[in-house]
Participant: 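Sharing a structure below in structure tokens format, with a few things to ask.
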Amino acid sequence: MKQVTVIKSIQAQQEDLEKIHQYTMREFTEQELYLFSVVLCDNEIDRDYEYFTEQALVKLSQLYLGKTGIFDHDPKGENQTARIYNTEVLRDHTKKTQYGEPYTYLKAKAYMVRSEKNRDLILEIDAGIKKEVSVGCSVTNVICSICGADLKTEHCNHIKGKEYQGKTCCNVLSNPVDAYEWSFVAVPAQRNAGVIKMFGDYTGSCNFEQLKKKFWESQDSITLSKQEIGCLTEQIQKLEQLKQLGEDYLRELRNRVVKLAFLTDSQLNSKVVASVAEKMSVEELKSFQTYYEKKLSLQQTENQMQLGQIQSEQSNSQYESFKI
């Protein structure tokens, strides 16, 4: 993932005000607004070994018009701080990406209201403290740069960051379908920190298989979006429930084996059997359960046969007595 930053504050022009007024309920004066520009994303390989195509940047330039700026990708209304009113895709012919393409980036202009609430934030932006931002968007195609497989629908064995015949494997992000927001974030020093790219529906369920792959491929730390954290939390809760069910089943299985062992051989010490059962695996317990159930069934059959024979002998004895 890469670091993208606020570039500078802007002196409002009439053209800026006209574009801003498309999003306001009334017209604002230059003195009431604070304007600044920001680079949202580009076509360079980021620290997560992913990059947007130039066509994706062009599509995002339209999707990000009017999108709100928040903090730490937390979509609460109280976190709304700014709004994008203009975007443009720019190409720097003096720079090349790692793949040898002309460096291309998406630049946006945003505005916020000068108010008591925003005073400190504006000061921090001017001072270069509030500088890093990241974006949350959705793309329909994530292409392996080595084999061309679409990782949204296909599987390949290439690993991001590894070289294949001198070429670094990357995920190529294309065909964006939605831009959710952009956020002021505190970018940590870890490798995988910065731009956040969400591949699924922002409000829908998370793809846990995709999240697992993100963990397995991580070479250092990773950044999780709010949606991914929710997905991970949901899976942890499910695992905790399954763990409890498994523990309940194991306890009942042990008790069953101890009871069956005592029923088939009353001379056994139940405490000793219980201690041994505590050390058995599930497969061992199931095997002993099957053995004892069969043994108990044979004993019950033998007991019924003996009881039948006794009853028959008693009946014959009564008949003989009556005959005499």
Participant: Verify, without hydrogens or angle tests, whether S61 (side chain) and V58 (backbone) share a donor-acceptor contact under 3.5 angstrom.
Facilitator: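 Side chain of S61 to backbone of V58: a pair is present.
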
Participant: Please, which pairs that meet salt bridge (charged side-chain N to carboxylate O under 4.0 Å, His left out) have at least one residue in residues 256-268, sequence neighbours excluded?
Facilitator: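 Sorted pair list: R256-E293.
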
Participant: Salt bridge (Lys or Arg N to Asp or Glu O under 4.0 Å), that's the test. Do R119 and E116 meet it? Break it down for me.
Facilitator: CA-CA 5 Å; R119 184 184 63 180; E116 189 65 26; 3.3 Å; yes

Participant: Under 3.5 Å, is there a donor-acceptor pair between the side chain of R91 and the main chain of T104?
Facilitator: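 Not confirmed, R91 side chain does not pair with T104 backbone.
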
Participant: When you look at W182 and L40, which way does the side-chain contact (heavy atoms from CB on, under 4.5 Å) test go after all the steps?
Facilitator: CA-CA 8 Å; W182 54 282; L40 294 177; 4.1 Å; yes

Participant: For S145 and K167, work out which heavy atoms get closest and say how close.
Facilitator: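 Closest approach of S145 to K167: O-NZ, 3.3 Å.
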
Participant: Looking at Y103, I'd like to know if the NZ or CZ of K95 sits under 6.0 Å from its six-membered ring centre while staying within 45 degrees of the ring's axis.
Facilitator: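 Positive - K95 is close enough to the ring of Y103 and near enough to its axis.
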
Participant: Is it true that the side chains of Y111 and T24 contain a donor and an acceptor less than 3.5 Å apart?
Facilitator: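 The answer is no; no qualifying pair exists.
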
Participant: Following the transitive rule for hydrophobic clusters with a side-chain heavy-atom cut-off under 4.5 Å over Ile, Leu, Val, Met, Phe, Trp and Tyr, establish whether Y292 and Y249 coincide in one cluster.
Facilitator: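 Yes: a chain of side-chain contacts under 4.5 Å links Y292 to Y249.
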
Participant: Do the side chain of T68 and the main chain of A82 share a donor and acceptor less than 3.5 angstrom apart?
Facilitator: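 A pair under 3.5 Å: yes.
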
Participant: Can you tell me how far the CG atom of N141 sits from the OG1 atom of T153, to the nearest 0.5 Å?
Facilitator: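 Answer for the CG-OG1 pair, N141 versus T153, is 8.0 Å.
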
Participant: Is R251 paired with E247 through a side-chain N to carboxylate O contact shorter than 4.0 Å?
Facilitator: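 No, E247 and R251 are not salt-bridged.
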
Participant: Closer than 3.5 angstrom, by distance alone: can the side chain of E154 be matched with the main-chain N or O of D150 as a donor-acceptor pair?
Facilitator: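 Yes, E154 side chain to D150 backbone: donor-acceptor pair under 3.5 Å.
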
Participant: How would you list all residue pairs meeting salt bridge (charged side-chain N to carboxylate O under 4.0 Å, His left out) that involve residues 268-278, not counting sequence neighbours?
Facilitator: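 Every pair satisfying salt bridge (charged side-chain N to carboxylate O under 4.0 Å, His left out) with a residue in residues 268-278: R254-E278.
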
Participant: Could you pull out the closest heavy-atom pair between L121 and M112, with the gap in Å?
Facilitator: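 Residues L121 and M112, closest heavy atoms: CD2-CE, 3.8 Å.
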
Participant: For D46 and F52: C-alpha separation, side-chain torsions, deciding distance, then whether side-chain contact (heavy atoms from CB on, under 4.5 Å) applies.
Facilitator: CA-CA 10 Å; D46 61 27; F52 290 102; over 6 Å; no

Participant: Any heavy-atom pair between the side chains of V142 and L173 that's under 4.5 Å?
Facilitator: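 They are in side-chain contact.
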
Participant: Can you tell me how far apart CZ (R114) and OG1 (T29) are? Round to the nearest 0.5 Å.
Facilitator: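 R114 CZ to T29 OG1: 10.0 Å, rounded to 0.5 Å.
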
Participant: Would K162 pass as a cation-pi partner of Y49, given that its NZ or CZ must be under 6.0 Å from the six-membered ring centre and within 45 degrees of the axis?
Facilitator: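 Ring-cation test returns no.
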
Participant: Using a distance-only test with no angle check, is there a side-chain donor-acceptor pair under 3.5 angstrom linking N175 and T140?
Facilitator: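 Yes, a side-chain donor-acceptor pair sits under 3.5 Å.
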
Participant: Do side-chain atoms of Y99 reach the backbone of T168 as a donor and acceptor pair under 3.5 angstrom?
Facilitator: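 Such a contact is found between Y99 side chain and T168 backbone.
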
Participant: Quick check on the hydrophobic clustering: are L253 and F262 connected, directly or via other members, by side-chain heavy-atom contacts under 4.5 Å?
Facilitator: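 Each belongs to a different hydrophobic cluster.
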
Participant: Is it the case that D92 and Y105 place a side-chain donor and acceptor less than 3.5 Å from each other?
Facilitator: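 Side chains of D92 and Y105: no pair found under 3.5 Å.
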
Participant: Taking V177 as the starting point, is it possible to reach V139 by hopping between hydrophobic residues whose side chains are less than 4.5 Å apart?
Facilitator: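 No, V139 and V177 fall in different hydrophobic clusters.
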
Participant: Are the side chain of K67 and the backbone N or O of I84 linked by a donor-acceptor pair below 3.5 Å?
Facilitator: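 Side chain of K67 to backbone of I84: no pair is present.
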
Participant: To the nearest 0.5 angstrom, please state how far the NZ atom of K243 sits from the CG atom of D248.
Facilitator: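 Going from NZ on K243 over to CG on D248, the span is 10.0 Å.
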
Participant: Kindly state each residue pair satisfying salt bridge (charged side-chain N to carboxylate O under 4.0 Å, His left out) with at least one member in residues 14-34, sequence neighbours excluded.
Facilitator: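 Every pair satisfying salt bridge (charged side-chain N to carboxylate O under 4.0 Å, His left out) with a residue in residues 14-34: E15-K19, D16-K109, R26-E32.
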
Participant: Look up atom OG1 in T87 and atom CG in L60, then write down how far apart they are to the nearest 0.5 Å.
Facilitator: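 Between atom OG1 of T87 and atom CG of L60 there are 9.5 Å.
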
Participant: Are L123 and Y34 co-members of a hydrophobic cluster defined by side-chain heavy atoms under 4.5 Å apart?
Facilitator: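 Y34 and L123: separate clusters.
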
Participant: Might you point out which heavy atoms bring V258 and A274 nearest each other, and give the distance in Å?
Facilitator: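 Taking every non-hydrogen atom into account, CG2-CA, 3.6 Å.
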
Participant: If you measure from CD on E50 to SG on C41, what distance do you get to the nearest 0.5 Å?
Facilitator: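 Interatomic distance, E50 CD to C41 SG, rounded to 0.5 Å: 12.5 Å.
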
Participant: Once you round to the nearest 0.5 Å, how far does SG of C156 lie from CG of L151?
Facilitator: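 Rounded to the nearest 0.5 Å, the SG-CG separation comes to 5.0 Å.
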
